[in-house]
Amino acid sequence: MNIPQKVKQTLEKMKLNKKEKIVVALSGGKDSAVTCYLLKKFGYNIEGFHIDLSMGEYSDKCLKAVQDLCKQLGIKLHLYDIKQEMGSGMCYLRTAIQSEKSLKNCAICGVIKKWIMNREARKLKASKIATGHNLDDEVQTFLVNIFKGSPELSSNIGPISRNVSDKKFIPRLKPLFYVPEDEVRKYSKKEKLPVIYDKCPCAIDSYRIQVRKFVDTLSDAKKDHIMKNFEIVFKKLQKKKDTTINYCEICGEPARKDICKMCQLMKLK
Ligand code: SF4
Ligand SMILES: [Zn+2]
């Protein structure tokens, strides 16, 4: 099956309404660009959303790629300038947090981006957020959670958010869930999508990167196999999962604990 067929099948199983508004989280990279391109091709009601992380030349190139893509597809683009909205670019925010907490770059950036995405997508009255996570990303997440001794954290993994139903939480879609990264790269080149292929300059030194190097040595069939095994483990994890959603005492966003991860990072209390 080629990429469009695989993605179409994945989307059809989600039984989405083609009128509901889906906000696509665009980074400037190939995965989110292909996600956006295919959602549009299949007639979904999409708008783009990009967080400008203010990480110098890399962020400028990402912004340009996202603007070009949205123009090419004829869709609306919403921009969130982190420097304007939060007072500092990601590099500064991260360094300040790291002076107090021993956390990796992507761990911090990931929490901040997720918090922004959920809040902004809700303001835009979106019913779903689509992200560009591909099969390789999902295999990495599944393995990282196992290696860290927290397999239950994988119980949310899936092409669409499971277990969560809350008026403040916008469910996530991952249309490329079953598509290997290499296929996504080839397809983005074949369709000549405006995409930045450079790696993020801040993606260094994370545990996930070590796992990624291992996943890169696996064939696509083996990656598929891991995710099939995941489906078996998933059924058992489901029983253990705590699905309660609270609202953060500080910012009011959905949270697993009394204070959300973002406010814990920002030390707002
Ligand atoms: S690679 Fe890491 S630091 Fe770079 S944008 Fe992604 S999460 Fe942030
Ligand atoms: Zn909070």
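This chain uses plain numbering: 1 for the first residue, then up along the sequence. Ligands are counted one by one from 1 in listed order, and the atoms in each one are counted from 1 as well.
Of the protein's non-hydrogen atoms, Cys106 SG, 2.4 Å is the one closest to atom 2 (Fe) of ligand 1. Given atom 8 (Fe) of ligand 1, the protein heavy atom at minimum distance is Cys109 SG, 2.3 Å. Nearest protein heavy-atom neighbour of atom 5 (S) of ligand 1: Lys113 NZ, 3.5 Å.
Salt bridge annotation for Lys223-Asp220: present, with a cationic side-chain nitrogen under 4.0 angstrom from a carboxylate oxygen. Between Glu181 and Lys30 there is a salt bridge, with a side-chain nitrogen of the basic residue lying less than 4.0 Å from a carboxylate oxygen of the acidic one. The pair Asp182-Arg185 counts as a salt bridge, with a side-chain nitrogen and a carboxylate oxygen less than 4.0 angstrom apart. Electrostatic pairing of Arg212 and Asp136 does not count as a salt bridge here, judged by no charged N lying under 4.0 Å from a carboxylate O.
Within ligand 1, the atoms closer than 4.0 Å to a non-hydrogen atom of Cys202 are 3 (S), numbered from 1 in the order shown. Ligand-side atoms of ligand 1 in range of Ala203: 1 (S), range being under 4.0 angstrom from any heavy atom.
Contacts between Met90 and ligand 1, counted as non-hydrogen atom pairs separated by less than 4.0 Å, are absent for every part of the residue.
Cation-pi geometry between Lys189 and Tyr197 is met: under 6.0 angstrom from the ring centre, within 45 degrees of the axis.
Under a 4.0 Å heavy-atom criterion, Leu53 is in contact with ligand 1.
With 2.8 Å as the limit, Cys200 does not count as an N, O or S neighbour of atom 8 (Fe) of ligand 1.
Around the NZ atom of Lys18, the shell of radius 6.0 Å holds more than 12 heavy atoms that belong to other residues, nucleotides or ligands.
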